[in-house]
Amino acid sequence: MKPIRVLIAKPGLDGHDRGALIIAQALRDHGMEVIYTGLRQSPVQIARAAVQEDVDVVGLSSLSGAHKSLFPKVVEALANEQAADIPVIGGGVIPAEDIPFLEEKGVTKIFTSGAPTNAIAVYIKQLMNHETVGPPKKIAHIGIAVESLEMALPFYQNTLGLSLEAVEEVSSEKVRVAFLPIGDTRIELLEPTSDDSPIYQFISKKGEGIHHIALEVDDISHRLQQYKDEGVALINNDPKQGAHQSQIAFLHPKAANGVMYELCQPNQED
């Protein structure tokens, strides 16, 4: 298989290229062929270079604040060169509130300044192999650590008026779980069944409260492999069995600003 060819460009009057050069080297380290066009390139110059070099992806970097104007112009210039099939990704100093606008204008993906270079390389590989992983389907449940299900349930049943769906013991996590549906998701109350339960340790350190947010996903093994390739901190490198015969895995809280996320793939027979 031929190497992925990526054109890295700095559109407009941006006079700094250190970040672009770091990205270019990181992509080369991942086996890609990188063409760097240098500073102060117009959108038309970038599009024509992409066609002449027969690249697979165009990567744009901007620190000047002109990304809302320049990035869409590169997308437009590629279309004018009959090369609209070349995806454009962008990065640099880009405010989060500008991302929806840029994606609406045809930029395939925006990486903010905090994105690790591994994540960019992995995304490009998956994009070229049509293996990009979509977002989670929904919040499957919110896990709340409690010392006693019997003591906690009256608030949820009587005060909030939620119905108790079931109580199940999950031996792999050493917890009893009470399931309370709410809309398209659930609240799950987690009671430790032993002193070496993760929930017992959580309560000992932080007290009762929200323990994790569970996200429903497809193909949990593929998703975990992507996260490992990107260097995302994980608690579980491989899926394990959870409640309702589901497959679950936890991401480390340091990967998400102190929030622990659980990936949950439901039993296909449910």
Side-chain angles (χ1 to χ4, degrees), residues 114-116 118-119 133 135-267 270:
N118 272 350
V133 174
K137 290 183 173 182
K138 64 178 184 179
I139 294 177
H141 64 262
I142 298 172
I144 299 176
V146 299
E147 293 182 355
S148 165
L149 293 185
E150 284 68 26
M151 293 297 292
L153 277 170
F155 170 79
Y156 293 92
Q157 291 181 287
N158 303 332
T159 305
L160 296 184
L162 301 180
S163 298
L164 177 62
E165 180 181 57
V167 175
E168 178 180 340
E169 184 166 332
V170 182
S171 58
S172 64
E173 295 299 301
K174 300 177 181 177
V175 292
R176 288 175 69 220
V177 187
F179 304 94
L180 300 112
I182 178 169
D184 197 32
T185 186
R186 288 186 178 99
I187 289 175
E188 294 191 1
L189 304 181
L190 311 167
E191 173 195 278
T193 57
S194 70
D195 291 354
D196 59 347
S197 163
I199 296 301
Y200 180 89
Q201 296 168 12
F202 176 87
I203 293 173
S204 297
K205 292 179 180 178
K206 299 184 178 181
E208 297 177 299
I210 293 177
H211 178 260
H212 68 270
I213 299 173
L215 306 174
E216 183 175 317
V217 299
D218 289 326
D219 199 350
I220 188 171
S221 296
H222 183 194
R223 191 177 296 268
L224 284 173
Q225 185 59 55
Q226 173 187 321
Y227 293 164
K228 284 186 279 189
D229 291 343
E230 293 178 0
V232 175
L234 304 174
I235 292 177
N236 305 116
N237 289 315
D238 300 294
K240 59 182 180 178
Q241 186 170 307
H244 301 309
Q245 303 299 310
S246 62
Q247 294 292 300
I248 65 170
F250 286 91
L251 280 61
H252 198 285
K254 70 181 181 182
N257 304 98
V259 179
M260 182 153 68
Y261 283 98
E262 175 189 0
L263 305 180
C264 178
Q265 181 176 317
N267 181 6
D270 286 350

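By convention here, the first residue in the shown sequence is residue 1.
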(request) Go through the steps for Leu224 and Leu234 under the test side-chain contact (heavy atoms from CB on, under 4.5 Å), then give the verdict. (result) CA-CA 8 Å; Leu224 284 173; Leu234 304 174; 4.2 Å; yes
Non-hydrogen side-chain atoms of [X] and [Y] separated by less than 4.5 Å:
X	Y	result
Val217	Arg223	yes
Leu190	Ile144	no
Val175	Glu169	no
Thr185	Ile142	no
Glu191	Ile199	no

Closest approach of [X] and [Y], non-hydrogen atoms and distance?
X	Y	result
Pro239	Gln247	CB-OE1, 3.5 Å
Cys264	Ile220	N-CD1, 4.5 Å
Ala152	Val146	CB-CG1, 3.8 Å
Ser246	Ala243	OG-O, 2.7 Å
Gln157	Leu164	NE2-CB, 3.6 Å
Ile203	Pro192	CD1-CD, 4.2 Å

(request) Apply the test side-chain contact (heavy atoms from CB on, under 4.5 Å) to residues Ile248 and Leu263: give CA-CA distance (whole Å), side-chain angles for both, the deciding distance (0.1 Å), then the verdict. (result) CA-CA 5 Å; Ile248 65 170; Leu263 305 180; over 6 Å; no
Should we count [atom1] of [X] as having more than 12 external heavy atoms under 6.0 Å?
X	atom1	result
Tyr200	OH	no
Ile235	CD1	yes
Lys138	NZ	yes

(request) State which residue, out of Glu150, Glu147, Glu188, fulfils the salt bridge (charged side-chain N to carboxylate O under 4.0 Å, His left out) condition with Arg176. (result) Glu150
(message) As an exercise, state the distance from OH of Tyr261 to CG of Leu251, rounded to the nearest 0.5 Å.
(response)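 Those atoms lie 10.0 Å apart.
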(request) Find the distance between OH (Tyr227) and CG (Asn236) and round it off to the nearest 0.5 Å. (result)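 Rounded to the nearest 0.5 Å, the OH-CG separation comes out at 13.5 Å.
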(request) Salt-bridge test for Lys240 and Glu173: reply yes if a basic N is under 4.0 Å from a carboxylate O, no otherwise. (result)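 Yes, charged N to carboxylate O under 4.0 Å.
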(message) So does Gln241 get a backbone contact from the side chain of Ser172, meaning a donor-acceptor N/O pair under 3.5 Å?
(response) yes
(request) Please check if the side chain of Asn267 supplies one atom and the backbone of Gln245 the other of a donor-acceptor pair under 3.5 Å. (result) no
(message) Applying side-chain contact (heavy atoms from CB on, under 4.5 Å) to Lys228 and Asp238, what does each step give before you reach the verdict?
(response) CA-CA 10 Å; Lys228 284 186 279 189; Asp238 300 294; 4.0 Å; yes
(message) Does anything in residues 201-213 form a side chain to side chain donor-acceptor pair (under 3.5 Å)? List the pairs, not counting sequence neighbours.
(response)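 Output for this query lists His141-His212, His212-Glu262.
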(request) Under the side chain to side chain contact (heavy atoms under 4.5 Å, CB included) rule, collect the residues that match up with Leu160, sequence neighbours excluded. (result)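 So Leu160 forms a side chain to side chain contact (heavy atoms under 4.5 Å, CB included) with Phe155, Tyr156, Leu162.
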(request) Applying side-chain contact (heavy atoms from CB on, under 4.5 Å), run through Ile139 and Leu215 and close with a yes or a no. (result) CA-CA 5 Å; Ile139 294 177; Leu215 306 174; 4.2 Å; yes
